[in-house]
Amino acid sequence: MEIYAADVAIVGAGGAGLRAAIAVAEADPALRIALISKVYPMRSHTVAAEGGSAAVVQSQDSLDYHFNDTVGGGDWLCEQDVVEYFVAHCPEEMVQLEHWGCPWSRKPDGHVNVRAFGGMKIERTWFAADKTGFHMLHTLFQTSIKYPSIRRFDEHFCIDLVDADGRVQGIVAIEIRSGRFILVKAKAVIIATGGAGRVFRENTNGGIVTGDGMALAYRHGVALRDMEFMQYHPTCMPGTGLLFTEACRGEGGFLLNKDGYRYLQDYGLGPAQDKPRNKYMELGPRDRLSQAFWYEQQKGRTLSGPYGAYVDLDLRHLGKARLLERLPQIYEMAETFMGIDPAKQPIPVRPAVHYTMGGITVDGRCATSLPGLYAVGECASVGIHGANRLGSNSLAELCVFGKLAGTEAASFAKSAPSGDTKSLVARAAASQQRIEELLKNSDGSERIATLRKEMAQSMEEGCGIYRLAGSMQATCDKLMELRQRFRNIKVEDKSRVWNSNWLMAIELGYQLEVAQAIAHSAINRKESRGAHQRLDGYEKRDDVNYLKHSLAYFNADAAPRIEYGAVKITKSQPGIRAYGAAGDAAGH
Amino acid sequence: MNTPAGNGRRPYMRSMQGWWRRNTFYVEYMIHEATALFVAAYAVVLLVGLVRLSQGQAAWNAWLAALRSPGSVVFHVLVLAAISYHAWTWFQIMPRTLPPVMLKGKRLSAAAITRSGLAAAAIVTLMVFFLVRGLWA
Amino acid sequence: MARPEMQQDTEMPDSGKTIVMDVLRYRPEQDDRPVLQSYEVPFSDDMSVLQGLQYIKDYLDGSLSFRWSCRMAICGSCGMMINGRPQLACKTFLRDIYPEHVRVEALAHFPIERDLVIVMDDFIEKLESIKPYIIEKQPRPLAEGEYLQTPAERDLYEQFSSCINCMLCYAACPQYGLNPKFLGPGIIALLHRYNLDSRDAGAEQRKPLVNSEDGVYNCTAVGFCSEVCPKLVDPANAVNVNKMEAAKDYFLRLVRPRGGGK
Amino acid sequence: MSINLKRSNAPVFWLLFGAGGMLSALVGPVLVFITGIGVPLGLLLPENTLSYTHVHALAHSWIGALFLFAVVALFFWHAGHRIYHSLHDLGLHPGAGAKLVCYGVPLLATLIAVYALASMGYS
Ligand SMILES: Cc1cc2nc3c(=O)[nH]c(=O)nc-3n(C[C@H](O)[C@H](O)[C@H](O)COP(=O)(O)OP(=O)(O)OC[C@H]3O[C@@H](n4cnc5c(N)ncnc54)[C@H](O)[C@@H]3O)c2cc1C
Ligand code: SF4
Ligand code: F3S
Ligand code: FES
């Protein structure tokens, strides 16, 4: 096995991983950084983010407002001290990106422009047309090239963490092009592998968003926190799940039911006005909007197409010129994928799974419970999103906490002793053997695609927008069954060079475990909060029993063990989450 | 399968043989490149004319006479077609070679640049034609 | 020919129709050279070529390898030759080819690693060589806030910053195919993007690359690169505008011998 | 890094190519028509358009001489450069010999044109 000795290994080269790598390089140029990613960095799913990234810039805005929006939006399941740190550091990180060349959209006077986003009281979403994630990712990737201490391992697939002496000391990866294994020794490891949206059927996520890093940490005893909170984005393309950014609504788009009626006013988000108004109507939070869709569907007021129910996202009144300026990608997507001219026709949309609020449990400094192991980005639960993430908070999170994770890991690496290579190699060899077994002895009868599909279907049924004990239990059972059937999987392709059949099998293994963490966390939370909404007698939020984080622990072949952890409250006591006129009345 | 831990990589490089036949875009490109042969041939004709001119009236008239031969006329018809095609493609490519041309704060479209190029060629053509005709008529 | 298992429930509505996809296979561990393999795939109107390939991988032949991720034409992974033209598989629809066969091959001009996966080391090396980051005139402290940049200044380079590194332009450019040392359209577009950015002062440092024997003059203005670019970057423009820059530099250096410049 | 940073001398040839390309696109068609079709066939143009006196007078003037020179020389440079690249396009790997021909001929033609014009003197 090939060995590379690094000081800090970073798994994942999306926004979070790249920002962390730069932070390590700037903290100490002498530290050797290994940046490992299963795809070339610019393919990471950060590239798909459209709408924007939050940071307070306007004079009428304040950090407190951003804090309150975030904590209220998260239904008070946020770590408030972490949110305070977050909102305070967003502006400098966005400016930093600007200095690195991010092509933020501008006002005529040359200052950065901001747009409105759901659940935000004041416009504070920085944007680069509707390709914000694309521009942030490419800016970070291209900037990272400046630092000679960052050694990239592009298209290397991480299969395991290596821990010894009670701390993490490296990772094992497959070089995809050759199928060879490599041990990257490191004194600190940062996981930045992104979300797990692909465990659901209809979703906005890229094919690579399979929860790998979550499963890696989980298997090594780190709890997955708040996994039941999966965000449904209300405006996605039926069938493919492709996203039409919230910025469509930020720019003034309407959601219409089959009668052409702006139905959101029936769900506590009104009254309806022509101009977009923060926290009203279409600019309500995602969980509320997705839930309203569900009710409209129950009432038979949605439209119906080849991929089931949908409603209309109407952008026509914005006019072609503005659409092309502010939402060019949306325009292109509607035209090429659906044959629709959004200046002339409304776009059919429906909710789809979008974002994993929960993740690897870390403290406010991105450290996990395993010494030397850090996590950041969508794979982590640092505590800012609570039960429902506000749009544009997660791109900002990548930068704020990417930098923090980098500096923390750098200082840990500097003080940690080097591990004993021999014993690390032995452990890595054991991981290698397990994965090679999966290649060699996988002539079973279970097709990867079939298991994947059954999993995704079952997750959608059990852990959708609204949840019932019965269907959640069915999902838990199904997942247990699928994990058993996984042992009888078939990997047709036995070769080594770019064997994506093999990689998909490994990913499926990760996904099944993460899915279990989600389903079991969900069935155990007997209340409704944020993205977790029940219809079986637990329709209300229950702060007495459930103002706490769920923690899912890996339990080998059995179902995960679910425990709970306290929520840190500093200055915002749990209150009523209200939007629209009711929100104004409640002083939000 | 036989290379358990080894390296089975063997990147395959495809040949470029006959690439210009692979799609119509390339074929057109090769045709407009080939117009250079006609430009060259015409340049030779002109050069010879220039030399003959410097050699006096008799030489010049011989050159003019040669131009009147049927072969020469046919040849020049071909040259005319080729050079006209060259001019056409030249202006098609022109927008790709210019920095943004701003007109009243707006960027001139590629089609507009091509149109201006063709218009310029038309004007120059008429000017030269009438100059030659008018001056010596 | 491999037959579809029609009982499979696909994501797509079942129209009962099928389309044939001829895919160039190359498995270095068993094939001497690439060969075409045909698959019959269920067809529906809204299916992309990528979805067709995914169907093959999921249900007909798990050993077929190709890159993809975002499926929305932004990650740049899925460039391939589709009926002889470089295109993004996720943005090319079967309905535009049906009922003809779809011929899918790895991106031209790059070595094939396996099946539809090409070796992209060359592209990445070039990307790293051009200093694709802001080289500031002088470091600006974060506390001073953002650089001011008017929308017009932004417009100047915006188009060139929207390159998704899909490399379709390289597969389109015969000059790259003939001479892989040529820096090539997409990378020159990226270089141009930074040179045009009002925050950047690195143009001088990037000049040697533009001016070099592997630089802009390899381009013979074929223009197909811009024709196939899925993001309207117009890399041919970047290359050709830089020819003029390089020519200026070539002669100016004779006038103002050392350094000079901005 | 394998990128070769040696400065290319192409700008010289490229500028000549470009100038020739532009000139031939603008005046090429009309010149071909006049000299090769119109005058020989007496089509649209009077017979004596290219009479010795007329053309000699033209070549004798500064501006006329410059025009004739530019047309002849730049057409050659344009064509030579393009042909050289086409050889490369065809995979014929043009060597020093081809280069000599493709750029040597235009050079020679340029010199001959200068000589011919100079021998007529200027007014
Ligand atoms: C369509 C869409 C639109 C969005 N729009 C917005 C928005 O407007 N605003 C906002 O704030 N947020 C938005 N989000 C959310 C946000 O984009 C993501 O949460 C964020 O980009 C995740 O970044 P990341 O760095 O954590 O992970 P990613 O960018 O997903 O990167 C993960 C990295 O990990 C690597 N990796 C994964 N597994 C392995 C493995 N086993 N081995 C090696 N490497 C591995 C991958 O290669 C990749 O490099 C959007 C999300 C989507 C899907
Ligand atoms: S310039 Fe266009 S074709 Fe070339 S890599 Fe960039 S996006 Fe792709
Ligand atoms: S196709 Fe190639 S030759 Fe030039 S114009 Fe584009 S780089
Ligand atoms: S899959 Fe991302 S560009 Fe096609």
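Note that the coordinates shown come from a computational prediction; the quantities given were computed from them, not determined experimentally. In what follows, every chain begins at residue 1, and chains take the letters A, B, ... in the order their sequences are listed. Values reported hereafter were calculated over all heavy atoms of this structure, with side chains retained and with hydrogens, waters and symmetry mates removed.
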If you count the non-hydrogen atoms of other residues, nucleotides and ligands that lie under 6.0 Å from [atom1] in [X], is the total more than 12?
{"X": "B:Arg10", "atom1": "CZ", "value": "yes"}
{"X": "C:Met244", "atom1": "CE", "value": "no"}
{"X": "C:Gln30", "atom1": "CD", "value": "yes"}

Pairs of heavy atoms under 4.5 Å with chain B: top-ranked of C:Ala236, C:Gly84, C:Ala106: C:Ala106
May I ask you to name which of C:Ile118, C:Val119, C:Leu178 has the most heavy-atom pairs under 4.5 Å with chain B?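 Ranked by contacts with chain B, first place is C:Leu178.
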To the closest 0.5 Å, what do you measure between [atom1] ([X]) and [atom2] ([Y])?
{"X": "B:Arg96", "Y": "C:Cys225", "atom1": "CZ", "atom2": "SG", "answer": "7.0 Å"}
{"X": "C:Asn83", "Y": "B:Asn23", "atom1": "CG", "atom2": "CG", "answer": "11.5 Å"}
{"X": "B:Tyr12", "Y": "C:Arg33", "atom1": "OH", "atom2": "CZ", "answer": "6.5 Å"}

Per-residue contact mode, B:Leu98 against chain C (heavy atom under 4.5 angstrom):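 For B:Leu98, backbone heavy atoms alone lie under 4.5 Å from chain C.
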C:Phe224-B:Tyr29 aromatic ring centre distance below 6.0 Å: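 C:Phe224 vs B:Tyr29: aromatic centres not under 6.0 Å.
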Considering only heavy atoms, which portion of C:Asp31 lies under 4.5 Å from any heavy atom of chain B: side chain, backbone, both, or neither?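 For C:Asp31, the backbone is the part near chain B, not the side chain.
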B:Met16 side chain near C:His109 side chain, heavy-atom distance below 4.5 Å: yes
I'd like to check B:Met13 versus C:Phe110 (side-chain heavy atoms, cut-off strictly below 4.5 Å). Are they in contact?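 No - every pair of side-chain heavy atoms lies 4.5 Å or more apart.
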With side-chain contact (heavy atoms from CB on, under 4.5 Å) as the criterion, how do B:Arg107 and C:Gln159 come out once you've worked through the C-alpha distance, each side chain's angles and the decisive distance to 0.1 Å? CA-CA 12 Å; B:Arg107 194 171 167 172; C:Gln159 158 199 348; 3.0 Å; yes
Say whether, by atom type as modelled, one donor and one acceptor occur between the side chain of [X] and the main chain of [Y] under 3.5 angstrom.
{"X": "B:Arg9", "Y": "C:Pro28", "value": "no"}
{"X": "B:Tyr26", "Y": "C:Ala172", "value": "yes"}
{"X": "C:Asn237", "Y": "B:Pro95", "value": "yes"}

Closest approach of C:Val241 and B:Thr97, non-hydrogen atoms and distance?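 The answer is CG2-O, 3.9 Å.
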